[in-house]
Number of protein chains: 2
Amino acid sequence: MNSNFTLAIHSLTLLALKPDSMSSSKAIAESACVHPVRIRNVLSLLRKHGFIESKEGTGGGFIFTLNPAKVTLWDIYKATSEGALQPKCPEANEECIVGANMKNVLFSIFIGAEEHLGEYLKKYTIKDVVEFVNNEPEKY
Amino acid sequence: MNSNFTLAIHSLTLLALKPDSMSSSKAIAESACVHPVRIRNVLSLLRKHGFIESKEGTGGGFIFTLNPAKVTLWDIYKATSEGALQPKCPEANEECIVGANMKNVLFSIFIGAEEHLGEYLKKYTIKDVVEFVNNEPEKY
DNA sequence: CCTATCTATAATATTTATTATTACAGTATA
DNA sequence: TATACTGTAATAATAAATATTATAGATAGG
């Protein structure tokens, strides 16, 4: 699974915990232990999909604009990782009936798999994740 | 998605089409356009799980021993790629409540996602894939 | 019993994908 | 106008996937 997806969940969870102030990419990056530029790239996708707003300049950063209870993991998946389930099969041998057709067959199957996965991911919202994090035994 | 999974499907589909004779790793590799050693490594997993038998020496190779109508894509997934859905999240910052707990939370969610995916993959058998391949428009 | 053809598997090399880093332009604030 | 941010492209470094090489062992046929 694409790690943009989990980074997006991580970031939105942090933002949901600080709904009243901007969080910088540096602060989020320190929580997730990745480079701030990577956070900005992922959050740029989320901004383009309207989940968050960003502000440049001093005191700027990112802030959650939607209700975390309304944002499902499927919404996030679609924004950051759509198609990630598809296997990148190498070009097979067109001279063979299996090689020639396997790609299309697998493509159809994995399209269905992604839709099916969607039904599962729709059950979880960022609010749920925030609650899970708060209720974990080894909490902060 | 792990390509061992799709290579296994590809290989078993070929074997299902030749139920009466051994197929060599070289022949399968040529259909899938990968290296024969890779085919042997994947098929070694399938053999250990009892899907196929192999025979060394001249005229040896691999042969399907089960009924293709009884082997689902979920069976194959479990044999070749279990856990592949789990994201490899980097170690996050233990000093942060989100960083400290995100890994466990995501792990639980993805365990559930894999189980859910299983329900979908159980619907497809190798026999189905063989039929799809035979019915594709741009067939051999 | 020798040779050719195959699997099994480990070790290494190569390629590709992911991630980090650097760089720089732009924006807002004080 | 100095400082602290985002946005994004370009490049470098690292990690993962895949191919290749190597070697041992099995089997069939001459």
Side-chain angles (χ1 to χ4, degrees), chain A residues 1-8 10-11 14-15 18 21-49 51-65 80-81 83-93, chain B residues 1-8 10-11 14-15 18 21-49 51-65 80-81 83-93:
Chain A
M1 176 63 57
N2 194 318
S3 81
N4 277 1
F5 181 47
T6 57
L7 266 184
H10 192 129
S11 302
L14 279 168
L15 296 186
K18 291 191 70 180
S21 63
M22 291 275 178
S23 304
S24 72
S25 62
K26 184 162 174 284
I28 299 169
E30 277 167 6
S31 170
C33 283
V34 296
H35 200 278
V37 172
R38 198 141 114 71
I39 294 294
R40 292 206 289 275
N41 286 332
V42 172
L43 294 194
S44 176
L45 287 172
L46 295 178
R47 180 176 49 77
K48 285 168 186 161
H49 282 81
F51 295 100
I52 60 176
E53 281 177 9
S54 66
K55 204 176 120 191
E56 301 181 17
T58 305
F62 302 87
I63 195 163
F64 215 148
T65 43
T80 63
S81 311
L85 217 58
Q86 284 290 340
K88 23 196 170 327
C89 20
E91 289 305 318
N93 188 345
Chain B
M1 179 62 57
N2 194 319
S3 81
N4 277 1
F5 181 47
T6 56
L7 267 185
H10 192 130
S11 303
L14 280 169
L15 296 186
K18 291 191 70 182
S21 63
M22 292 275 177
S23 304
S24 72
S25 62
K26 184 161 175 287
I28 300 169
E30 275 166 8
S31 170
C33 283
V34 297
H35 200 278
V37 172
R38 198 141 116 69
I39 293 294
R40 291 206 289 274
N41 286 332
V42 172
L43 293 194
S44 176
L45 287 171
L46 295 178
R47 179 176 49 77
K48 284 166 186 163
H49 283 81
F51 295 99
I52 60 176
E53 282 176 10
S54 66
K55 202 175 122 193
E56 303 182 15
T58 304
F62 302 88
I63 195 163
F64 215 147
T65 44
T80 62
S81 312
L85 216 59
Q86 284 290 340
K88 22 196 171 325
C89 21
E91 289 305 318
N93 188 347

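Values below: every heavy atom of this structure, side chains too, minus hydrogens, waters and symmetry copies. Per chain, numbering begins at 1; letters A, B, ... match sequence-line order.
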J.: What nucleotide among C:dT5, D:dA19, C:dT29 has an atom nearest to a side-chain atom of B:T58?
T.: C:dT5
J.: Given atom CG of A:N41 and atom P of D:dG7, what is their separation to the nearest angstrom?
T.: 10 Å
J.: Mapping A:V37 and B:G60 to their closest nucleotides on DNA chain C, which lands nearer the 5' end?
T.: B:G60
J.: Check whether any side-chain N or O of B:S54 sits under 3.5 Å from a backbone N or O of B:G61 as a donor-acceptor pair, and report yes or no.
T.: no
J.: With respect to the phosphate group of D:dG7, does any side-chain polar atom (N or O) of A:K55 fall under 4.0 Å of OP1 or OP2?
T.: no
J.: Can you tell if the side chain of B:L15 reaches within under 4.5 Å of the side chain of B:I28, non-hydrogen atoms only?
T.: yes
J.: Between D:dA19 atom P and B:K26 atom NZ, what is the distance in whole Å?
T.: 16 Å
J.: Nearest-Å distance, CZ (A:F5) to P (C:dT18)?
T.: 16 Å
J.: Want to settle it: does B:S25 or A:G57 sit nearer the 5' end of DNA chain C, counting the closest nucleotide to each?
T.: B:S25
J.: Without decimals, in angstroms, what is the distance between B:R38 CZ and C:dT15 C1'?
T.: 12 Å
J.: Starting the side chain at C-beta, find the nucleotide from D:dT8, D:dT27, D:dT18 nearest to A:R47.
T.: D:dT8
J.: Which sits closer to the 5' end of DNA chain D, B:R40 or A:K48, going by the nucleotide each is nearest to?
T.: A:K48
J.: So if I take every side-chain heavy atom of B:S24 and compare against C:dT7, C:dA20, D:dT6, which nucleotide ends up nearest?
T.: C:dT7
J.: Go through C:dT7, C:dT9, C:dA20 for me and flag the one nearest to the B:S44 side chain.
T.: C:dT9
J.: Using whole Å, what does the distance between atom P of nucleotide C:dT7 and atom CD1 of B:I63 come to?
T.: 13 Å
J.: Provide, to the nearest angstrom, the distance between the CD atom belonging to A:E56 and the P atom belonging to C:dA30.
T.: 16 Å
J.: Only one of A:I52, A:T6, A:I39 forms a side chain to side chain contact (heavy atoms under 4.5 Å, CB included) with A:S11, so which one is it?
T.: A:I39
J.: Using a cut-off of strictly less than 4.0 Å, decide whether A:H35 has a side-chain nitrogen or oxygen near OP1 or OP2 of C:dT21.
T.: yes
J.: C:dT7 P sits how many Å from B:M22 CE, rounded?
T.: 10 Å
J.: Could you tell me if the side chain of A:L7 sits less than 4.5 Å from the side chain of A:L43, heavy atoms only?
T.: no
J.: Provide the closest heavy-atom pair for A:S3 versus A:R38 in the form atom of the first, atom of the second, distance.
T.: OG-NH2, 3.2 Å
J.: Identify, between A:G59 and A:S54, the residue whose nearest nucleotide on DNA chain D lies closer to the 5' end.
T.: A:G59
J.: For the pair made of CG in A:N4 and C1' in C:dT18, what is the distance, rounded to whole Å?
T.: 10 Å
